[in-house]
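A short worksheet on the structure shown next.
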Amino acid sequence: MTLIKQSRMLLLVLLSLAAFAGVILLKGRKQPRAVGGIVSLAPNITEILFELGAGDQITGATDYCDYPAEAKAIPRVGSLGSPNIELLLAMQPRLVLAANFEHKNHPEILRGSGIEVIELRIETIDDVFAAVDRLGQITGAGGRATEMNRKLQACLDEAKSLYEGTPLERRPTVYIEIASKPIMTVGRRSFVHDIIELAGGVNVAGGLDALYPVVNPETVVQWNPQVMLVGSMTQQSSEDLGRRIGWGGIDALQNGRVINDLSPDLYLRPGPRLATGVLELARRLYRPGAQRSEN
Amino acid sequence: MIKPKASILYPCLFAMLLMSAAISLALGPVALSIDDLGSNIGQLRTARILTGMIIGAALSVAGAIFQALLRNPLAEPYVLGVSSGAGVAAATSIIMNIAIFGAWTLPVMAFVGAIAAILLVLAIARSAGGAIPVQTLLLAGVVVGSVLGSGLMFLVNMSPNEKLPTVMWWLMGSLQLFNWSLLQVVAMVTLVSIGLSWFLGSSMNILSMGEEPAAHLGLNVERTKIILLALASLMTGCAVAACGLIGFVGLIVPHSVRSVLGPDHRRLIPSCALCGAAFVVLADSAARSLFVQEIPIGAVTAFMGGPFFLLLLKRGRGARP
């Protein structure tokens, strides 16, 4: 290598380093939004806050907080349960609401600098009702919270009215596919199992004492579910699923009863939209003619 | 070391493979008898056993080739950065929801990543004269592998919670295929490659004596190396594309077979193919039936194969390539 080439190379390295340093310094100058607001570290908490009309008090949210659309504009402070602690301290919010913390020392650090931390476990539909009440008190929107819970209960009651007359053994068996690689479904320890039951379905994996078990596709063939619920992102139809080796004979695929138009957020995110999810699922289970997902 | 006649050796190994297939057919979450072969569950399990055989054979033969070619006992199918290359490509396609080839996206991306990594390693190792020095090849492979591996760690770290199981599933390997045509393509490439490398067995014998002696014996060293590299890479790339990363098979099966049957590649290659196939099928039956939830097959291959291999080593029979 000649001397000129070498010095050019060196110059290039120096220039790119300088550019890198500049970008980092400039990025660091971004000032966090107003001090004294609420930071939500879970998408379901963010949803409840917005429903309660407290959306404008949120000054920080996670990468997962994508609903309602306004939530996307809130500055991000990290991922679900693992916030960037420096960013939070710089923000000095009044209150941090979290579903859980990945690092167990985070709450102490925050409290140590005078920030109130409340951990809300929202893992069942009952937890959702309780969280709505609690957040209503915290944000001074108790009236709206009561109203919201009444609406959620109304959704559940409407769903129940669809299947109340059907005896348990005649309710459709449902298989939920959370992920296809590997095949992951819902065991009876997950709230999603309760969602299926609240919608009048029978979870084929209800016998498994697990949260989200990975199962062998043979097991699904053996379960022979009457309805399949798959995420709307994958857009898999009964034809796609029937093309899997050995799956062609499954009852749900023979009869084209694949529900693939429900957003997974409606039944996988323990938030206020669960009630809508239950109702929509019940409608698809008991009025397949009116809400046919295919054709 | 034992030296049975070919007319005894191959039928025995073949019987072993059939027995492991029978065991695998009988074990699983659902009880199955031979009459149920045509049923839906029978189809699923047959597909899985066939996949196991093909992947096991491909990885074992690829490992034997790499060990002969690089004259290094630690060489295995992923030694030239295949795993990290394929891993980066696969993780990218999972995380970014790439779906350009529909159901084929993940295998195609993984295959392209694997082959790209090997070509990069070859391009780095190739000297001005066009020769590929073995030591440089090995070093380039290890370093490219580590660099890509750190990229992979970054991607795993960045992947959102809901994608993480899929990425990890791929990294730990699984024989679950949903697609007959993918299995057909992989089977075809593997069988042809194994046939060709069997044909090149005597060249591998000469090559493992060292490159200079091999050249003196009239072997076109560089051309043979390129052909063997291509065959081993193709097989590894296909295996990785179909089933993700299944470790350890390509390292211990060739060593174990060599320590029992000796280093003659003319019988090592077909024996590796048969033993590797049987080993992976057995490991998968364990992965499938030990617990209700499946265990990643990579964990089983290491857990079952490791102690067996150590036993062979301890008995002082670990013949070097």
Side-chain angles (χ1 to χ4, degrees), chain A residues 42-43 62-66 78-82 99-100 102 177-185 187 205 207-224 231 233-237 239-251 253-254 263-265 268-269, chain B residues 27-32 36-48 50-51 90 93-94 97 99 102-103 105-107 157-170 172-183 243-244 284 287-289 291-297:
Chain A
T62 68
D63 300 336
Y64 290 90
C65 299
D66 56 359
S79 190
L80 192 65
S82 60
N100 69 313
E102 239 168 63
E177 187 162 294
I178 299 212
S180 58
K181 287 173 183 175
I183 290 193
M184 199 183 269
T185 185
L208 298 181
D209 184 27
L211 274 174
Y212 301 103
V214 172
V215 295
N216 190 296
E218 291 174 10
T219 315
V220 181
V221 174
Q222 201 191 23
W223 282 333
N224 197 22
M233 300 105 78
T234 56
Q235 288 296 331
Q236 294 189 90
S237 63
E239 284 81 31
D240 297 331
L241 292 167
R243 266 196 289 274
R244 290 183 181 172
I245 298 173
W247 275 36
I250 293 179
D251 199 286
L253 303 178
Q254 290 274 316
S263 158
D265 289 349
L268 295 186
R269 183 182 287 184
Chain B
L27 290 176
V30 182
L32 210 62
D36 301 325
L37 262 187
S39 73
N40 288 322
I41 292 182
Q43 277 183 38
L44 261 168
R45 206 164 298 174
T46 318
R48 189 137 171 181
L50 288 175
T51 313
S93 79
I94 292 170
N97 277 329
T105 310
L106 192 55
N157 200 31
M158 292 301 287
S159 52
N161 285 351
E162 71 272 17
K163 299 277 172 57
L164 205 55
T166 306
V167 176
M168 293 315 287
W169 167 83
W170 192 88
M172 295 197 283
S174 163
L175 295 180
Q176 195 64 60
L177 288 192
F178 284 125
N179 196 332
W180 282 114
S181 31
L182 177 62
L183 182 56
C243 296
D284 183 55
R288 193 145 43 77
S289 52
F291 301 100
V292 177
Q293 292 214 22
E294 278 196 52
I295 322 168
I297 179 160

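To find a chain, count down the sequence lines: A is the first, B the second, and so on, and within it residues start at 1.
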Return the CD1 to OG1 distance between A/Ile245 and B/Thr51, rounded to the nearest 0.5 Å.
7.0 Å
Using non-hydrogen atoms and a 4.5 Å limit, figure out which bit of A/Ile178 sits close to chain B: side chain, backbone, both or neither.
neither
Could you give the distance from CG (A/Asn216) to CG (B/Leu44), rounded to the nearest 0.5 Å?
7.0 Å
Applied to residues 210-224 of chain A, the salt bridge (Lys or Arg N to Asp or Glu O under 4.0 Å) test, sequence neighbours excluded, yields A/Glu218-B/Arg45
If I measure from the heavy atoms of chain A, does B/Thr166 come under 4.5 Å with its side chain, its backbone, both, or neither?
both
In terms of heavy-atom pairs under 4.5 Å with chain B, the winner among A/Ala179, A/Pro213, A/Pro217, A/Ala210 is A/Pro217
Do A/Ile183 and B/Gln176 make a side-chain contact, defined as non-hydrogen atoms from C-beta onward lying under 4.5 Å apart?
no
Closest non-hydrogen atom pair, A/Pro182 against B/Pro165:
CD-O, 3.9 Å
